[in-house]
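Below is one structure, written out as structure tokens, with a few remarks after it.
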Amino acid sequence: MSMENRDAPATANGGPFEGGWAASDLKLPPVTGAAYAAKRRAAVSERFPGERIVVPSGGLKVRSNDFDYPFRPHSAFVHLTAEQGSQAVPDSVLVLEPTGSGHSVTLFTRPRSPRDGGPNGTEFHSDRRYGEFWTGRRRTLSETADALGIEAAPRDDLDRALRPDVPTRVLRGEDPRVDALIDARLSPSPHADAELAQFLSELRLVKDDWEIGQLRTAVDCTIAAFHDVVGELDHATRLARGERWIEGTFNRRARLGGYGLGFETIAAAGAHACVLHWMRNDGPVRDGDLLLLDAGVEADSFYTADITRTLPVNGRFTDAQRRVHDLVSAAQAAGAAALRPGARYGAFHDAAMRVIAEGLDAWGLPPHGRPGAASGSSSEADLYRRYTVCGSGHMLGLDCHDCAGARNETYLGGTLKAGHVLTVEPGLYFQPDDLTVPEELRGIGVRIEDDFVITADGSLCLSSALPRGADEVETWMASLR
Ligand code: GLY
Ligand code: MN
């Protein structure tokens with residue numbers, strides 16, 4: 001059904017905006033993932049027969065006064081619509097309405113702002129959040145329908161469209177007005193909503209071919225950004241807040257080649273590398289130190305990479321830095337070798353930590369605590385958790401820490417399947433004030449992180465084009481400087 005008439009300006013209202021507007025064409029590239037998103041909606045339909053499913057995109061969040069943070073739709077919404085970057089419209093709501101044989105699908109979204117009045121009054125020029133004079137041209141409803149292959153209707157019609165006698169599940173907490181509407185008019189069921197959220201998270205565990213293509217795009221752009229950073233290292237050493245220069249260099253490439261960042265860039269020089277999520281990035285970058293750069297470009301499709309390299313700022317590792325880097329590199333290789341379909345999810349972490357534990361033991365570093373005390377596992381590697389702290393990876397996709405709402409048995413306590421995409425990122429962090437380690441190691445932090453897809457018989461490293469081993473890193477850096 002065409003909704004073109006719902007976008008059309010209606011009445012003239014006089015004043016400076018009346019009349020004189022030409023039709024404007026919006027030339028958009030086709031949304032290549034639409035057919036894949038349709039399959040995901042079919043899976044939702046099959047899982048919840050006879051029930052209405054409501055998945056809001058979420059809306060704008062105020063930064064201050066009349067400024068908002070940039071809009072980024074909820075990942076479950078993106079997964080089911082294949083909505084793209086700048087085209088995403090705040091306050092959209094995807095509704096799967098039960099029919100005799102399945103569900104009909106409608107995207108309730110904001111139509112264009114009419115230039116000279118009509119149903120949306122003066123929105124075009126007077127509404128800073130949504131008026132096109134302020135925020136730019138949106139798709140018409142029919143352009144949205146064509147792009148995504150989903151019937152589109154005005155968001156303002158949502159209230160009327162939701163008949164009260166249909167059991168309804170909502171992805172709760174994303175759109176307060178939708179939650180309130182359902183609470184007031186329908187029969188809310190917190191348990192049913194939680195089950196929906198969990199299902200939508202688990203639906204993202206296995207990536208299809210299109211998603212893997214998007215992750216490749218994100219990874220390739222991230223690799224280009226790492227190249228940019230190496231080219232700027234010398235300049236960064238001359239600045240009081242060189243970490244910020246590194247962050248800005250990475251982020252510029254992310255905005256150029258993708259939608260932005262999958263998470264705030266971690267640009268940690270010197271002992272800041274021992275802070276797992278150092279995002280303040282307000283320190284200097286010194287000749288002789290390491291720079292730990294943990295960053296990911298989010299593609300226009302909202303899929304993100306997540307890659308870490310720990311680089312010698314002057315292009316050459318010191319002996320102590322190289323020793324730590326080599327051990328982390330060996331641990332990462334052991335973790336990667338444990339990736340295969342059918343393997344326990346935790347196996348790659350255990351394999352990486354075993355290498356770390358053996359290495360630290362050989363260096364004579366003291367174990368701490370009791371096996372299993374920290375993680376609940378019985379691994380001897382726990383004895384070195386003082387220097388490793390966190391897990392060695394996570395699922396990756398639309399979110400950096402993807403599928404976080406999945407049940408233990410399908411994720412952390414489950415087994416790997418072909419199509420899972422995950423990071424392997426062991427690290428060693430010797431705090432600058434840790435008297436249990438030799439002085440030359442204090443203040444050294446190293447993490448190495450790559451992105452892997454599980455294949456039919458093993459795994460494939462999506463980020464293998466970025467140099468990883470110490471020799472490789474030095475050769476690569478020399479070639480760029
Ligand atoms: N790249 C940040 C993290 O995985 O926590
Ligand atoms: Mn990570």
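Just so you know, ligand 1 is whichever comes first in the structure, and atom 1 is the first atom listed for that ligand. Along the sequence shown, the residues carry numbers beginning at 1.
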Going by an N to O cut-off under 4.0 Å, is there a salt bridge joining D68 and R128? no

Compute the ring centroids of Y429 and Y387, then answer whether they are less than 6.0 Å apart. no

Close to the Mn ion (ligand 2), meaning under 2.8 Å, how many protein N, O or S atoms are there? 4

Between ligand 1 and the protein, which N/O pairs are shorter than 3.5 Å?
unit_1   : atom_1 : unit_2 : atom_2 : d
ligand 1 : 1 (N)  : D294   : OD1    : 2.8
ligand 1 : 1 (N)  : D294   : OD2    : 3.1
ligand 1 : 1 (N)  : D306   : OD1    : 2.8
ligand 1 : 1 (N)  : D306   : OD2    : 3.1
ligand 1 : 4 (O)  : D306   : OD2    : 3.2
ligand 1 : 4 (O)  : H394   : NE2    : 2.9
ligand 1 : 4 (O)  : H401   : NE2    : 2.9
ligand 1 : 4 (O)  : E425   : OE2    : 3.3
ligand 1 : 5 (O)  : H277   : NE2    : 2.7
ligand 1 : 5 (O)  : H401   : NE2    : 2.9

Show me the side-chain donor-acceptor pairs of residues 256-267 shorter than 3.5 Å, one per line, residues at least two apart or across chains.
unit_1 : atom_1 : unit_2 : atom_2 : d
Y259   : OH     : F71    : O      : 2.8
T265   : OG1    : N251   : OD1    : 2.8

So for atom CZ, which belongs to R244, do other residues, nucleotides or ligands contribute more than 12 heavy atoms lying within a distance under 6.0 Å? yes

Could E195 and R407 be called an ion pair, given the rule that one side-chain N must be under 4.0 Å from one carboxylate O? no

Give a yes-or-no answer on whether the side chains of E425 and H394 include a donor-acceptor pair shorter than 3.5 Å. yes

Any donor-acceptor pair under 3.5 Å linking the side chain of T222 with the backbone of V297? yes

Can you run down the side-chain hydrogen bond (donor to acceptor under 3.5 Å, both in side chains) pairs that involve residues 467-481, sequence neighbours left out, and say none if there aren't any? H227-W476, D234-R481, R316-E474, R322-D471, R322-E474, Q332-R468, D450-R468

Restricting to non-hydrogen atoms, name the atom on E174 and the atom on D179 that form the minimum distance, rounded to 0.1 Å. N-OD2, 4.4 Å

